[in-house]
Structure formats: structure tokens, C-alpha cells
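Working notes, beginning with the structure itself.
The structure displayed is predicted, hence computed values, not measured ones. Proteins come first, then strands; the chains are lettered A, B, ... in the order of their sequence lines, and each starts at number 1.
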Amino acid sequence: MRNQGDFAARLLGWYDAHARALPWRVPPGSDRCADPYAVWLSEVMLQQTTVSAVIPYFARFMARWPTVHRLADAPDEAVMAAWAGLGYYARARNLLACARVVSRELDGRFPGTEAELRRLPGIGPYTAAAISAIAFGARANVVDGNVERVIARHARITAPLPGAKRAIAAEAGRRLPAARCGDYAQALMDLGALVCTPAAPRCGACPVAADCAAHAAGDAAALPARTRKP
DNA sequence: CTCCTGTCCT
DNA sequence: AGGACAGGAG
Ligand code: SF4
């Protein structure tokens, strides 16, 4: 079975009812995709901070620089000042560098494929997949920390991260839907943020609990395992 | 793979 | 005050 018992269908059904309304999102089931610029900006900000912290910064950036051209033309100091408080200032520099490439070399159009997105400054594997799925509807395997947790539990992958990354991504890939790929990516991340939380997953409210292997085994809270660093 | 960032949390 | 976090870069 390629579709893992309609995992995606159940998750999308849950998302239709429980999606967080976030400023950079379109509502579940929209026929249009979200604005690539807004998706990119939010994802870069979200790389380092929580949703609640990002919301006001995102609003200020979008109000002041509503398009990638406007951001690209902003002075460095203005962008750095607007970024102040978010931390990771190297990422703000990458943000600006990326905006300038897209604005000046790509006519202001973000590429739609992961491979092309990956080449832009500040866009790594996760962000490339997220933008291509959410803003372009591509069937990309979007795997961030939240998704790793959900999938490690649902498939009960007990091998520790980061070594288990590939195995987890492979299991995630088996669960991808044929359509609504952007909604699906966000549904999985919302599930990780709202239900399949790190310490105390709320399996009673989970749309995929019926075939969740870790829930059945009773060790969901212990997954994903991680190799101790020191 | 290791290193790195700064804010948030404890 | 110290560590956790979470992605990207090298
Ligand atoms: S059943 Fe529990 S552990 Fe499994 S995916 Fe749902 S919330 Fe996570």
C-alpha cells in the first residue's frame, strides 16, 4: 500500500477542521497556493523562532516590503533593524541576499522546484521542500523537526536521530498524498505542533492514532530517540 | 559529519 | 547561568 492506510486523507480531514489560521497561509482546500514570497519569508523566520514570535515580525515585514522586489531594494540597515530581536543575524543577511537574487536575476519569481530553491542563500533542504509544496503545490517530502517526531512515532522508528533521518524521511515519503500537497505539509507540521507534541502527545485527539505504532506500543513520548552528544 | 547562531526556558 | 533548540553552512 503506497498510501499507508489513508494516513494523508485522515490528516487532511483533521486539518480542514483544525488548521491554524496563520498570516502567511491560505485556508485549507484553497484552489490557489500561498504567495511564494510570504511563504519564504515566514519559513526563514520560522527556522529559528516560534510561530507566536514570528507573527508580529512577519506582519511588519509584509507591510513595509510587500514584494520581494521591495525587500531586495531595501537598505541593509533597514532590514537588519527590522530583524532585531529575532536573532541569528546571519540569516537576515542570507534573507536579503536571497531576495536580491530572486528580484534581480529571476525577475522576482521564486523557483518552484526543490533543487532550484536549494541553491538560494539561506534555503536548505527543509525550506526548499516547504516552499515548493506550500507555494507551488509540488509533491515534496517536507520533513522538519515536527514531522520527524510524528513520523518516527507513527512508524515507530526507534533508531536515534540524527542517524535515523533517512529512514524517517523514507517513511514520510510513503505517506504523501497525490494532491493537496501544500495543505498536507502544513497539516503534518500542525499535528506535530498541536497534537503530537514532544513530551505529552495528545493521542486521544489524533487523527492517525488508530494505526500509530508508537501509540500502540506505549512509547510515543520517548520518540524520536536521539544520540547523546557530549 | 561538525559547527554555529541567540532567544527562550528552566 | 546554563542548556535546549533547529535549521543551514562548511
Ligand atoms: S497517536 Fe499519538 S504518538 Fe501517534 S502520531 Fe498521533 S499524537 Fe503522535
Check the distance between [N]'s [atom2] and [X]'s [atom1] and give it to me in whole angstrom.
X: A/Glu43; N: C/dG7; atom1: CD; atom2: C1'; answer: 11 Å
X: A/Arg166; N: B/dC1; atom1: CZ; atom2: C1'; answer: 13 Å
X: A/Trp40; N: C/dG8; atom1: CH2; atom2: P; answer: 14 Å
X: A/Asp144; N: C/dA6; atom1: CG; atom2: P; answer: 9 Å
X: A/Lys165; N: B/dT2; atom1: NZ; atom2: C1'; answer: 14 Å
X: A/Leu161; N: C/dA4; atom1: CG; atom2: P; answer: 16 Å
X: A/Arg93; N: C/dA9; atom1: CZ; atom2: P; answer: 15 Å
X: A/Leu117; N: C/dA9; atom1: CG; atom2: P; answer: 12 Å

- Would you please indicate if the ring centroids of A/Trp83 and A/Tyr57 are separated by under 6.0 Å? no
- Note on the structure: OG1 (A/Thr67) and CE (A/Met62) are apart, to the nearest 0.5 Å, by 8.5 Å
- Query: Does A/Thr127 have a side-chain nitrogen or oxygen under 4.0 Å from the phosphate oxygens OP1 or OP2 of C/dG8?
  - Reply: yes
- Task: Check whether any side-chain N or O of A/Gln47 sits under 4.0 Å from OP1 or OP2 of C/dG8, and answer yes or no.
- Result: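 For C/dG8, OP1/OP2 do have a side-chain N/O of A/Gln47 under 4.0 Å.
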- Query: Is there a donor-acceptor pair closer than 3.5 Å between any side-chain N or O of A/Arg91 and the backbone N or O of A/Met45?
  - Reply: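 Looks like no, no N/O pair under 3.5 Å.
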- Judged by atom type as modelled, is there a donor-acceptor pair below 3.5 Å linking the side chain of A/Arg25 to the main-chain atoms of A/Arg20? yes
- Are the charged groups of A/Asp6 and A/Arg175 less than 4.0 angstrom apart, N to O?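 A salt bridge is absent here (no side-chain N lies under 4.0 Å from a carboxylate O).
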- Contact class for A/Leu46 vs. all strands (heavy atom < 4.0 Å): base, sugar-phosphate, or nothing?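 Nothing, no heavy atom under 4.0 Å.
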- Item | Presence of donor-acceptor pair under 3.5 Å, side chain of A/Arg91 and base of C/dG7 |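 By the distance-only test, yes, there is a pair.
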- 5′-ward residue of the pair A/Asn94/A/Arg149 relative to DNA chain C: A/Arg149
- Query: Would you call the rings of A/Phe61 and A/Trp65 parallel, tilted or perpendicular, where under 30° means parallel and over 60° means perpendicular?
  - Reply: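 It falls in the perpendicular class, over 60°.
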- Side-chain touch A/Pro160/A/Arg226, heavy atoms, less than 4.5 angstrom: no
Nucleotide N/O of nucleotides 7-10 of chain B paired with protein N/O under 3.5 Å:
none

